[in-house]
Amino acid sequence: MKNQIHINRNFGWFIGHFDNNQKHKHYALQLSIPLENKIIINTRNTTFESESPTLIKSNVPHQIVSVSRHFLLLINPASTLGHFWNCTSDNEIREVSFAPALELKRILADQNQSSLPIAELNSIIEKYDCSCSSAVHMGDKRINEAIVYLSNHFERIVPLDEIANHCCISPSRFLHLFKEETGITYRRAQLWNKLLQSLPYFGKKSLSEIAHLVGFSDSAHFSRVFKENFGFSPREFLKISQFIQV
């Protein structure tokens, strides 16, 4: 199976080997599933080895030193999908054994399949979120409502006053609660949207042109924010890309 990368609105996944394994951190939630041997992850205080799906929370320094192929899922923490995964653990890093992780591992277990069941993988990822009130089982109700509101208005940048008014709280209180509940700032959540708007231009325009098209001051600023969010630079992204769907 060739290296593959796939990007959707609030998540992206990669299957293959990583050339860049330096210690880093990023704002996306990360689920790593080893496909051949154990996955080895160095964190701030320890070395973590596992054959099971492993969840790494937002902004946690880590280094994947495994040389074997594995499945890497990155999730927007300020989304209904990210809310679901955030609620599964209070630990910065842990093995996970609940339904979606095990379903993904089961599908990925057959290394002899000639074509990857992309639709099935995406369907499993997308069905586990907190987009309805009955599914939101933890956290501040106002921020839960804000996350759903942002999901319903994904096509635009929602101003702070608008989202705070929707939650019936002051802008300053909203900013505090949003960071507390999602692990990222509201500004960072808006940057996620801007970065996604850039992806269709990859391979078609220069990084400078892309940066200006989506509202960044220059390519250096764009590249820095891109790496902060996803853990790899735009150039590294281009190197491993096989196809992109947004």
Side-chain angles (χ1 to χ4, degrees), residues 5-14 24-32 55-62 72-87 122 125-126 128-131 139 143-164 166-167 171 174-202 207 210-238 240-241 244-246:
I5 189 168
H6 187 89
I7 307 294
N8 273 25
R9 194 174 77 178
N10 282 314
F11 68 89
W13 50 257
F14 169 78
H24 65 286
K25 59 182 179 179
H26 48 71
Y27 288 96
L29 297 164
Q30 176 175 325
L31 178 70
S32 290
L55 180 67
I56 303 174
K57 287 295 194 78
S58 176
N59 217 25
V60 175
H62 62 279
L72 172 67
L73 172 64
L74 298 177
I75 306 168
N76 179 3
S79 66
T80 54
L81 188 68
H83 183 78
F84 169 83
W85 288 91
N86 250 331
C87 289
N122 290 343
I125 296 167
E126 290 168 344
Y128 289 94
D129 67 11
C130 292
S131 60
I143 301 305
N144 295 342
E145 292 174 350
I147 290 172
V148 174
Y149 188 83
L150 292 174
S151 179
N152 291 337
H153 297 81
F154 185 83
E155 72 286 350
R156 65 185 178 89
I157 300 298
V158 178
L160 173 59
D161 287 345
E162 179 182 337
I163 192 70
H166 176 76
C167 299
F174 171 81
L175 292 176
H176 173 77
L177 288 175
F178 191 88
K179 174 69 181 297
E180 188 175 72
E181 291 293 317
T182 67
I184 66 172
T185 65
Y186 186 60
R187 179 177 178 275
R188 179 63 56 176
Q190 293 175 315
L191 286 173
W192 185 287
N193 277 15
K194 291 175 69 173
L195 291 173
L196 281 187
Q197 293 168 14
S198 75
L199 296 182
Y201 299 112
F202 273 67
L207 289 182
I210 294 172
H212 292 141
L213 279 170
V214 297
F216 288 89
S217 57
D218 52 44
S219 61
H221 182 208
F222 172 72
S223 296
R224 183 174 68 253
V225 173
F226 194 98
K227 189 163 187 175
E228 287 172 349
N229 269 48
F230 306 128
F232 44 86
S233 71
R235 296 190 187 281
E236 290 169 331
F237 177 80
L238 278 169
I240 63 176
S241 294
I244 304 171
Q245 180 177 336
V246 180

- Message: Within this structure, what is the CG-CG distance for the pair N10 and L196, rounded to the nearest 0.5 Å?
- Response: 7.5 Å
- Report the distance from atom CD1 of I75 to atom CG of L55, rounding to the nearest 0.5 Å. 7.0 Å
- Message: Is it the case that the ring center of F174 lies less than 6.0 angstrom away from the ring center of Y186?
- Response: yes
- Query: Looking at side-chain heavy atoms only, is the closest gap between Q30 and L73 below 4.5 Å?
  - Reply: no
- List the atom of I147, the atom of S79, and the distance in Å for their closest heavy-atom pair. CG2-C, 3.2 Å
- Task: From the options F226, F222, F230, select the one residue that forms a ring-ring contact (aromatic ring centres under 6.0 Å, His included) with F237.
- Result: F226
- Note on the structure: Residues at least two apart in sequence or cross-chain that pass salt bridge (Lys or Arg N to Asp or Glu O under 4.0 Å) with E145, listed by chain then number, are none
- Item | Working for side-chain hydrogen bond (donor to acceptor under 3.5 Å, both in side chains), residues N8 and W13 | CA-CA 9 Å; N8 273 25; W13 50 257; over 6 Å; no
- Task: Any chance you could measure F202, atom CZ, to I210, atom CD1, to the nearest 0.5 Å?
- Result: 5.0 Å
- Message: Looking at E228 and K25, is any side-chain nitrogen of the basic one under 4.0 Å from a carboxylate oxygen of the acidic one?
- Response: no
- Query: Are any of the side-chain heavy atoms of N193 and I157 separated by less than 4.5 Å?
  - Reply: yes
- Task: For N152, check side chain to side chain contact (heavy atoms under 4.5 Å, CB included) against everything at least two apart and list the hits.
- Result: V148
- Message: With heavy-atom distances below 4.5 Å as the criterion, would you say the side chains of L195 and V214 are in contact?
- Response: no
- Query: Can you list the steps and then say if H212 with F216 is a ring-ring contact (aromatic ring centres under 6.0 Å, His included)?
  - Reply: CA-CA 5 Å; H212 292 141; F216 288 89; 9.9 Å; no
- Message: What I want to find out is whether E162 reaches R156 closely enough, with some N-O distance under 4.0 Å, to be called a salt bridge.
- Response: yes
- Looking at S58 and L29, what are the two nearest heavy atoms and their distance? N-CD2, 3.6 Å
- Any chance you could measure T182, atom OG1, to N144, atom CG, to the nearest 0.5 Å? 11.0 Å
- Query: Mind checking what makes side chain to side chain contact (heavy atoms under 4.5 Å, CB included) contact with D161, not counting sequence neighbours?
  - Reply: P171
- Spacing of Y149 atom OH and I163 atom CD1 [to the nearest 0.5 Å]: 6.5 Å
- Determine, stepwise, if the pair R9 / N76 fulfils side-chain hydrogen bond (donor to acceptor under 3.5 Å, both in side chains). CA-CA 9 Å; R9 194 174 77 178; N76 179 3; over 6 Å; no
- What distance do F84 atom CZ and I125 atom CD1 have between them, rounded to the nearest 0.5 Å? 12.0 Å
- Please confirm whether H62 and H26 have ring centers closer than 6.0 angstrom. yes
